[in-house]
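For reference, the structure discussed in these notes is given below.
No hydrogens, no waters, no symmetry mates; every other heavy atom, side chains included, goes into these values.
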Amino acid sequence: QVQLVESGGGLVQAGGSLGLSCTASGRTVGSVTVAWFRQAPGKEREFVAAVAWRGRTYYADAVKGRFTCSRDNAKNTVYLQMNSLNSEDTAVYYCAADHTYIESGVAEWPQSYETWGPGTQVTVSS
């Protein structure tokens, strides 16, 4: 199996930027598709973005144009660059991976992913 760990969370002012990283270890063949989800208190886990092995990306409408997801396969790392942050972006951010290529339409489903990281907190202040 593959293990995932997120880093880069923290406190940022509204309008600011923050970059998250998700690093995979172990059997990295298990990270053909990597996605970012977020969950705020009292809310369901929400799809943010996904990136496939060769770099194709998918974004939720709420973050399109503000967030950029990318990956460096040589470093076994996926990135989420978050710009123009607002209070609605406050959540715990998780990365998730699956060993298959997951197409748009199913990439947004948490149940599509077999491995999850522990999450990192992102808080956007006024």
Is Trp53 isolated, or which residues cluster with it under the ILVMFWY side-chain rule of less than 4.5 Å, directly or via members? Val32, Phe37, Phe47, Tyr58, Val92, Tyr94, Tyr101, Ile102, Val106, Trp109, Tyr113, Trp116

Keeping the roles fixed (side chain from Thr120, backbone from Gly9), state whether a donor-acceptor pair exists under 3.5 Å. yes

Should Leu20 and Val122 count as side-chain neighbours, where that means a heavy-atom distance under 4.5 Å? yes

Between the CZ atom in Arg56 and the CD atom in Glu103, the distance rounded to the nearest 0.5 Å is 8.0 Å

How far apart are the closest heavy atoms of Ala50 and Cys69, and which atoms are they? C-SG, 4.3 Å

Minimum heavy-atom separation for Val78 to Arg71, with atom names? CG2-CB, 3.7 Å

Taking the side chain as every heavy atom from C-beta outward, state whether Leu80 and Thr68 have any pair of such atoms under 4.5 Å apart. no

Shortest non-hydrogen pair, Asp89 vs Arg66, comes out as OD2-NH1, 2.8 Å

Where Val124 and Ser87 come nearest, the two heavy atoms and their spacing: CG1-N, 4.1 Å

Can you find a pair of side-chain heavy atoms, one from Asn73 and one from Lys75, that are under 4.5 Å apart? no

Whether the side chain of Gln39 engages the backbone of Glu44 through a donor-acceptor N/O pair (distance < 3.5 Å, no angle test) should be reported. no

d(Thr90 OG1, Glu88 CD) to nearest 0.5 Å is 8.0 Å

Do His99 and Thr115 have side chains that approach each other closer than 4.5 Å (heavy atoms only, starting at C-beta)? no

Atom CD of residue position Gln3 - does it have more than 12 heavy atoms of other residues, nucleotides or ligands inside 6.0 Å? yes

Could you grab the distance from atom CG of Asn86 to atom OG of Ser126, nearest 0.5 Å is fine? 10.0 Å

Please check this pair: side chain of Ser112 against backbone of Pro110, looking for a donor-acceptor N/O pair closer than 3.5 Å. no

Shortest non-hydrogen contact between Ser125 and Leu11, atoms and distance: CB-CD1, 4.1 Å

Looking only at heavy atoms, the pair that brings Gly10 and Leu18 closest together is N-CD2, 3.8 Å

Just by modelled atom types, is the Ser25 backbone N or O under 3.5 Å from a matching donor or acceptor in the Thr28 side chain? no

Filter on side-chain hydrogen bond (donor to acceptor under 3.5 Å, both in side chains), then keep only pairs touching residues 10-19, sequence neighbours left out; what's left? Ser17-Asn83

Distance in Å, Glu6 CD paired with Cys22 SG, rounded so as to fall on 0.5 Å steps: 5.5 Å

Sequence neighbours excluded, which residues qualify as side chain to side chain donor-acceptor pair (under 3.5 Å) partners of Tyr93? Arg38

Please determine whether residues Trp36 and Val51 belong to a single hydrophobic cluster, defined as Ile, Leu, Val, Met, Phe, Trp and Tyr linked transitively by side-chain heavy-atom distances below 4.5 Å. yes

Evaluation steps, side-chain contact (heavy atoms from CB on, under 4.5 Å), between Leu85 and Phe67: CA-CA 9 Å; Leu85 287 162; Phe67 291 10; 3.8 Å; yes

